[in-house]
Amino acid sequence: MTDLQDVVDSVYHDLADRIGEGKLADYIPELATIDPKQFGIALVTTDGTVHAAGDAETSFSIQSISKVFTLTLALGKIGDGLWKRVGREPSGNAFNSIVQLEQEKGKPRNPFINAGAIAVADVVLAGHLPKEAIGEIVQFIRHLADDESIAIDHNVARSETQTGYRNVALANFMRAFGNLNHPVEHVLGVYFHHCAIAMSCRQLAHAGLYLASAGRNPLSGGSVVSSSRARRINALMLMCGHYDGSGDFAYRVGLPGKSGVGGGILAIAPGKASIAVWSPGLNENGNSLLGSAALELLAQRTGWSVFGQ
Ligand code: GLU
């Protein structure tokens, strides 16, 4: 049997010389101030055992990884009704493409590109004030991670609120097509704040565990979603979780994953483990360069893949 701590240590060790490679996401000014020389891995098995290496306890901006959790909440609220407003296809486009949204009449391709996540934020906002919806999302993630210390980095939220012009454009397009029910500022307030949630690799791997455990969170003990919903969220992560690099990630890693421009990636080995990696430098598709390399090595060394041994 493979010793998972040895695998995690060997992956960290083999990539340690490359720490600092890649480009920071500087379009959100606050993210450009991060020290690029950081790299963490945390793997939590379905029985709750943690294997970690490097900066696994350092908090970072989870950015688009938060979209997995808001999708889960939105599906809990309106179920399959969500798919009238958001598609389930890979976008084949940049995460913030406006052209596609215009062509497809305000219905985003999937819940993980920015437009799709903004529509999901609109669903989570229904019946709430923005700060209540933000509170519900933070509380949900704290519950999943079994950790009350998880919080929003308000400097990141402010930075994006001041500079998120493309997201303002996407939201206005959707509102014009009738695909947002709340004022654009309210929906974006929810979206920018959930993207600005800060978590460590260990917290994130804990929070993702329900997707590796047929919808149950072994830490909090309860059922989060049905097993079929967990499978479907995993399917969406596999097809759409890495922007326009999703095909390459599926080919190289073979596991459902969701990346964020803060340099984090959450990957799920169904029935086995939830894995979070983080290194701020990004590759040309906006995915963590070292994080993707780490997951590729980890998948090779464990033999984990949704496509077979
Ligand atoms: N908050 C970021 C944005 O809207 C999320 C991007 C990402 O992580 O993909 O640009």
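Numbering of ligands and ligand atoms starts at 1, following listing order. Sequence positions, counted from 1, serve as the residue numbers for this chain. Small disclaimer: the values here were computed from a predicted structure and weren't measured.
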Per-atom contacts of ligand 1 with N114, taking only distances under 4.0 Å to non-hydrogen atoms: 3 (C), 4 (O), 10 (O)
Residue portion contacting ligand 1 (non-hydrogen atoms closer than 4.0 Å) for N167: side chain
Contact atoms of ligand 1, heavy-atom distance to C195 under 4.0 Å: 1 (N)
Enumerated ligand 1 atoms positioned under 4.0 Å from heavy atoms of G260: 8 (O)
Contacts of N181 that satisfy side chain to side chain contact (heavy atoms under 4.5 Å, CB included) - sequence neighbours left out: R85, D122
Contacting atoms of ligand 1, where contact means under 4.0 angstrom from a heavy atom of S64: 5 (C), 6 (C), 7 (C), 8 (O), 9 (O)
Side chain K258, main chain C240, donor-acceptor under 3.5 Å: no
Which segment of R166 sits under 4.0 Å of ligand 1 when only heavy atoms are counted: neither
S61 (side chain) donor-acceptor with A198 (main chain) under 3.5 angstrom: no
Donor on one side chain, acceptor on other, Q203 and D147, under 3.5 Å: yes
Side-chain donor-acceptor pair present, K67, N114, cut-off under 3.5 Å: yes
Element-labelled atoms of ligand 1 that are located less than 4.0 Å from some non-hydrogen atom of Y191: 1 (N), 2 (C), 3 (C), 4 (O), 5 (C)
Those residues that, when tested against H154, pass side chain to side chain contact (heavy atoms under 4.5 Å, CB included) (two or more places apart): I152, R158, H193
